[in-house]
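First comes the structure, then the notes that go with it.
Since the structure is predicted, the reported quantities are computational estimates derived from the model, not experimental observations. Both counts, for ligands and for their atoms, begin at 1 and track the order of listing.
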Amino acid sequence: MAPQKPVVVVSRKLPEVVETRLMELFDTRLNRDDKPMNAAELKSALKHADVFVPTVTDRITREVLAEAGGQCRLIASFGTGVDHIDLAAARERGIAVTNTPGVLTEDTADMTMALVLAVSRRLCEGERLVRTGKWGGWGPMAMLGHRLGGKRLGIIGMGRIGTALARRARGFGLSIHYHNRRRVHPELERGLEATYWQSLDQMLAHMDIISVNCPHTPATYHLLSARRLKLLCKHAVVVNTSRGEVIDEGALAQMLIGGEIAGAGLDVFEHEPAINPKLIDLPNVVLLPHMGSATVEGRVDMGEKVIINIKTFWDGHTPPDRVLEIES
Ligand code: 8YV
């Protein structure tokens with residue numbers, strides 16, 4: 001008798017090629033209308049699934065996990081961040097967790113660089129001017145932004161994405177500075193001519209541009225607190241393509257309103273999809289709908305990783321992207 005296929009429940013609509021393969025390999029239940037699941041639907045999914053495939057929009061809390069049936073063995077998340085899953089509660093229930101690291105690194109670094117450029121060179125302001133028919137023609141003092149070359153970029157979190165951003169930023173003539181839990185390998189540091197700042201406070205006070213590229217963990221929640229944001233220079237720009245929770249969004253909005261920093265480029269928000277209303281009307285802020293990794297190629301690669309993780313796990317091996325509890 002052929003071994004039983006695992007019941008795989010997928011929480012959102014994924015690329016067709018990924019869904020087709022999931023259907024071929026497993027007893028897969030798709031979410032064809034792509035409506036995000038509420039807590040009751042998540043509980044029901046975990047009650048019936050052997051494997052659950054959530055995304056960042058699914059809050060897999062301890063309470064949700066408490067409803068998981070004994071058959072539920074794996075949460076194969078479609079995404080890199082795992083802050084939407086209570087990892088400790090999953091482990092206590094014997095449920096393994098995997099994610100999809102690596103395949104969205106370059107796309108997210110591209111988008112981070114795009115935000116750095118957009119804010120510094122006032123891309124969206126210029127675009128709005130043209131679209132609203134308010135452009136009166138070229139002027140020597142019109143739409144002046146700031147040159148990137150020669151400026152200092154401070155990267156918070158020198159992991160895969162932080163490193164990929166540093167490589168790009170060097171091409172634009174930015175000098176690389178970083179703060180990380182651990183100093184990176186000397187060879188990498190040399191290659192990027194990167195300066196390590198053990199003190200985040202010190203780094204913040206000396207940078208022209210700050211990019212948040214660390215994951216959201218209990219230790220990084222509001223890492224850029226009101227106090228730390230106050231350390232930034234008046235001309236500083238902040239970009240975030242990681243997680244909104246790393247920045248105190250209210251304090252950031254207040255500083256932008258008060259002209260205490262020059263601008264911000266945000267792809268992620270503290271209470272997505274809600275956005276602090278104070279940010280909406282600010283001209284010096286570029287706001288994107290969490291689209292840092294949103295490429296067709298990236299989504300297919302993520303799906304491929306999910307499939308490999310499920311298949312490997314179900315065949316009795318350690319899946320390549322098993323997430324262990326992250327350090328707080
Ligand atoms: C993904 C992300 O689009 O992977 C992540 O951590 O933040 C995003 O770029 C999202 O997670 C998909 O679930």
Side-chain angles (χ1 to χ4, degrees), residues 8-15 17-19 22 30-31 34-37 41-42 45 51-61 64 74-87 90 97-115 156-157 159-165 211-218 220-221 223 239-247 249 265-275 287-310 319-326:
V8 175
V9 178
V10 183
S11 81
R12 299 294 300 267
K13 175 104 194 73
L14 301 184
V17 58
V18 175
E19 292 191 338
L22 282 166
L30 299 172
N31 179 354
D34 196 35
K35 200 173 134 281
M37 290 181 169
E41 288 162 333
L42 287 173
V51 178
F52 184 51
V53 180
T55 73
V56 69
T57 55
D58 305 304
R59 320 287 340 153
I60 322 268
T61 59
V64 165
L74 174 66
I75 294 174
S77 194
F78 183 86
T80 301
V82 286
D83 53 332
H84 56 297
I85 305 168
D86 188 323
L87 295 176
V97 176
T98 59
N99 64 346
T100 63
V103 290
L104 33 71
T105 302
E106 305 299 327
D107 295 329
T108 309
D110 285 345
M111 190 59 89
T112 313
M113 201 61 226
L115 278 177
I156 303 176
R160 289 187 189 87
I161 297 171
T163 306
L165 170 65
S211 176
V212 176
N213 296 103
C214 60
H216 166 221
T217 68
T220 64
Y221 175 77
L223 189 65
V239 300
N240 188 3
T241 52
S242 172
R243 283 292 182 270
E245 289 91 336
V246 180
I247 304 181
E249 199 171 285
L266 306 174
D267 182 46
V268 287
F269 303 89
E270 220 181 312
H271 306 288
E272 288 181 20
I275 295 176
L287 305 170
L288 298 179
H290 197 147
M291 58 192 271
S293 70
T295 67
V296 173
E297 296 85 348
R299 292 289 182 258
V300 171
D301 291 347
M302 288 160 78
E304 179 75 5
K305 272 200 164 267
V306 166
I307 291 166
I308 292 168
N309 282 320
I310 300 173
D321 305 309
R322 181 156 194 171
V323 178
L324 302 167
E325 240 166 287
I326 36 175

Q) Does any N or O in the side chain of Asp267 come within less than 3.5 Å of the main-chain N or O of Met291, such that one atom is a donor and the other an acceptor? A) yes

Q. Hey, is Glu272 touching ligand 1 through its side chain, its backbone, both or neither, going by heavy atoms under 4.0 Å?
A. neither

Q. Can you find a non-hydrogen atom of Arg243 under 4.0 Å from ligand 1?
A. yes

Q.
Quick one, Ile156 and Val246 - any side-chain contact, counting heavy atoms below 4.5 Å?
A. no

Q: May I ask you to identify the nearest protein heavy atom to atom 6 (O) of ligand 1, giving residue, atom name and distance to one decimal place in Å?
A: Gly81 N, 2.6 Å

Q: For Thr80, take its heavy atoms, then give the atoms of ligand 1 lying under 4.0 Å from any of them.
A: 4 (O), 5 (C), 6 (O)

Q.
Within the 4.0 Å heavy-atom shell around Leu104, which atoms of ligand 1 are there?
A. 4 (O)

Q. Looking at atom 8 (C) of ligand 1, what's its closest protein heavy atom, distance included?
A. His290 NE2, 3.4 Å

**Q.** Among Asn31, Asp58, Thr55, Thr57, the one residue meeting side chain to side chain donor-acceptor pair (under 3.5 Å) with Arg12
**A.** Thr57

(Q) Which of the numbered atoms in ligand 1 are under 4.0 angstrom from any heavy atom belonging to Gly79? (A) 4 (O), 11 (O), 13 (O)

Q: State the atoms of ligand 1, each with its element, that fall below the 4.0 Å cut-off from a heavy-atom position in Arg299.
A: 3 (O)

**Q.** Minimum side-chain heavy-atom gap Cys214-Arg243 below 4.5 Å
**A.** no

Q) Is a side-chain donor or acceptor of Glu19 paired with a backbone partner of Leu14 at a separation under 3.5 angstrom? A) yes

**Q.** Candidate with minimal heavy-atom separation from atom 11 (O) of ligand 1, of Val56, Val103, Thr57
**A.** Val56

Q | Within reach of ligand 1, part of Thr108 (heavy-atom separation under 4.0 Å) | A | neither

Q: Answer yes if the side chains of Thr241 and Thr108 hold a donor-acceptor pair under 3.5 Å, and no otherwise.
A: no

Q. So which heavy atom in the protein is nearest atom 13 (O) of ligand 1, and how far is it from that ligand atom?
A. Phe78 O, 2.5 Å

Q. Is there side-chain contact between Val64 and Arg59, with at least one heavy-atom pair below 4.5 Å?
A. no

Q.
Please list the nearest protein heavy atom to atom 1 (C) of ligand 1 with its residue and the distance rounded to 0.1 Å.
A. Ser293 OG, 3.5 Å

Q) Looking at side-chain heavy atoms only, is the closest gap between Phe78 and Val10 below 4.5 Å? A) no

Q) Just wondering, do Thr61 and Asp86 contact through their side chains at under 4.5 Å, heavy atoms? A) no

Q. Is Thr55 close to ligand 1, meaning an N/O of one under 3.5 Å from an N/O of the other?
A. no

